[in-house]
Amino acid sequence: MMGRYGLALDFGGTKLSAGVVDVATAVWQAGTPVWQAKGRVYSPPGADFHSDLAAMVKLGHELLGGERPLAVGVSFGGPVDYRTGVVRLSHHVPGWENAPLQAQLEAAFHAPVRVDNDANVAALGEYRFGTGQGSESLLYVTVSTGVGGGWVLNGRPWRGHEGLAGEIGHTVVDPAGPECLCGKRGCVERLASGPYMAADLAARLGSAESFTGQRVAELAAQGQPDAQAILQRGGWALGVGLGNAANLLNPERFILGGGVTKSGDLWWTAVRQAAQATALPQIHSDIRPAALADDAPLWGAIALLELAGLV
Ligand SMILES: [Zn+2]
């Protein structure tokens, strides 16, 4: 039997996740789908394109239990050419440059495949199944080890001319600020991402201890003034980025996901205040937490198939 199952794959750097949805069920039709099966494996150290692809194909076949999927939607943690399904590069795992991911998965699963980058796919997931439901336009932003974003405009992903739209992490909010890994100064990511906030706290305290973004939030919650200042500066930087984005495209909603968004009221207040102060007074930025957590890319992969008319 075929024609019931949509397979979602998420190549998340060190994590390879997959889920199967029964697209024929009433649950799906009502807009609150559930996974028929879901699984995750970890990409081992020394992994490359071939070993990751083989591990993901094995996981997908296991979850499908011998069924052939109707179609396969894919979230990839790096730049992808959506039209051809070819990976441009991976920031995490070597050997992915110019990998024909779509063609290889089509051969492995005997089904049509669509591939897009993780931020675009997660944006679509939140739009269709999460906090974005009922809105026409949104910017989804993930704030964790990096800061990435994806647009949905008029119900469709907006990928941009080269597929690089939504890079709010490398919009500049402080041209005289510290240098970012991209070579520019004062990017949102340089100020707001977990690892950079952690490094800034360690530097400020002259500490040999290596902090994490989560630890910065914990110390801030305990009242440690340096941690509070760095966390608030991160929230401010993101908020300025959102306010600028609001002035440019005036989306209905901003949806924030990723580990740093668990940093508490101090952070959320800083984000909202800076966004409101940056946007024109007539522009209202509705900034909300994401609903789907780590599952956003998997749900987005299913939504990608739905938009393409494949499930
Ligand atoms: Zn940058």
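Note that ligands are numbered from 1 as they come in the structure, with each ligand's atoms numbered from 1 the same way. No hydrogens, no waters, no symmetry mates; every other heavy atom, side chains included, goes into these values.
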- [ ] Inspect the contact between Arg159 and Asp116 and indicate whether a charged nitrogen and a carboxylate oxygen are less than 4.0 angstrom apart.
- [x] yes
Task: Carboxylate-amine/guanidinium contact Asp295 Lys38, below 4.0 Å - done: yes
- [ ] Determine whether the aromatic ring centres of Phe76 and Trp96 lie less than 6.0 Å apart.
- [x] yes
Task: Pairing of Glu306 and Arg128 as salt bridge, 4.0 angstrom limit - done: yes
TODO: Using a strict cut-off of less than 4.0 Å between a Lys/Arg side-chain nitrogen and an Asp/Glu carboxylate oxygen, indicate whether Asp265 and Arg272 qualify as a salt bridge.
DONE: no
Open item on the list: I want to verify a count. Protein N, O or S atoms less than 2.8 Å away from the Zn ion (ligand 1), how many are there?
Closed with: 4
- [ ] List the steps, then state whether side chain to side chain contact (heavy atoms under 4.5 Å, CB included) holds for Val87 with Phe49.
- [x] CA-CA 10 Å; Val87 173; Phe49 166 65; over 6 Å; no
